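One structure is given below, encoded as structure tokens.
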Amino acid sequence: MDKKQTTSSSDFESKIAELQKIVGRLESDGSVTLEDSMSLFESGLKLTKECVDDLSAMQARISELNNQLDLILRQPLFGEDDAD
């Protein structure tokens, strides 16, 4: 199974939490060196891409489920005649 399809809610939430920590350090910690700032920024970009990928996978799954629901709802009810 594709990694994108196995992403759990807790994985996504932990990535967001880590991203928030990185942003917080970059915004408020004046003692972070330029080198550390670059490293944090790179880590933040990586996490952002992973989150976007996770959201894209979730969006694709939701679309797939909606299509399945549409097919189910279009089926005639038991005993209904299609010839109206």
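Numbers here are sequence positions counted from 1. Everything quoted here is computed from the prediction, not taken from an experiment.
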Do Leu47 and Met38 share a hydrophobic cluster (ILVMFWY, side-chain heavy atoms under 4.5 Å, transitive)?
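Different clusters.
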Interatomic distance, [X] atom [atom1] to [Y] atom [atom2] [nearest 0.5 angstrom]:
X     : Y     : atom1 : atom2 : result
Ser63 : Met58 : OG    : CE    : 15.0 Å
Thr48 : Asp53 : OG1   : CG    : 10.5 Å
Asn67 : Ile62 : CG    : CD1   : 12.0 Å

For Glu18 and Lys21, run side-chain contact (heavy atoms from CB on, under 4.5 Å): C-alpha distance rounded to whole Å, both residues' side-chain angles, the deciding distance at 0.1 Å, then the answer.
CA-CA 5 Å; Glu18 183 63 29; Lys21 287 179 189 175; 4.0 Å; yes
Sequence-distant partners of [X], side chain to side chain contact (heavy atoms under 4.5 Å, CB included), two or more places apart:
X     : value
Ser39 : none
Leu65 : Arg61, Gln68
Gln20 : Ile16

For Glu13, which residues count as a side-chain hydrogen bond (donor to acceptor under 3.5 Å, both in side chains) partner, sequence neighbours excluded?
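Listed in chain order: Ser9.
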Thinking salt bridges, do Lys15 and Asp11 make one under a 4.0 Å N-O criterion?
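No.
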For Leu40 and Ile22, work out which heavy atoms get closest and say how close.
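Closest pair (atom of Leu40, atom of Ile22, distance): O-CG2, 3.4 Å.
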Between Leu19 and Gly44, what is the shortest heavy-atom contact and its length?
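Distance-wise, the nearest heavy atoms are CD1-O, 3.5 Å.
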I need the full list of salt bridge (Lys or Arg N to Asp or Glu O under 4.0 Å) pairs touching residues 38-47, with sequence neighbours left out, sorted by first then second residue.
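Matches after skipping sequence neighbours: Lys46-Glu50.
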Where at least one partner belongs to residues 31-40, residue pairs that pass salt bridge (Lys or Arg N to Asp or Glu O under 4.0 Å), sequence neighbours excluded:
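Counting only pairs at least two positions apart or across chains, no salt bridge (Lys or Arg N to Asp or Glu O under 4.0 Å) contact touches residues 31-40.
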Suppose clustering is done on Ile, Leu, Val, Met, Phe, Trp and Tyr with side-chain heavy atoms closer than 4.5 Å. Which residues sit in the same group as Leu73?
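The other cluster members (ILVMFWY side chains, heavy atoms under 4.5 Å, direct or chained) are Leu69.
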Whichever hydrophobic residues join Phe41 through chains of side-chain contacts under 4.5 Å:
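ILVMFWY cluster around Phe41 also holds Leu45.
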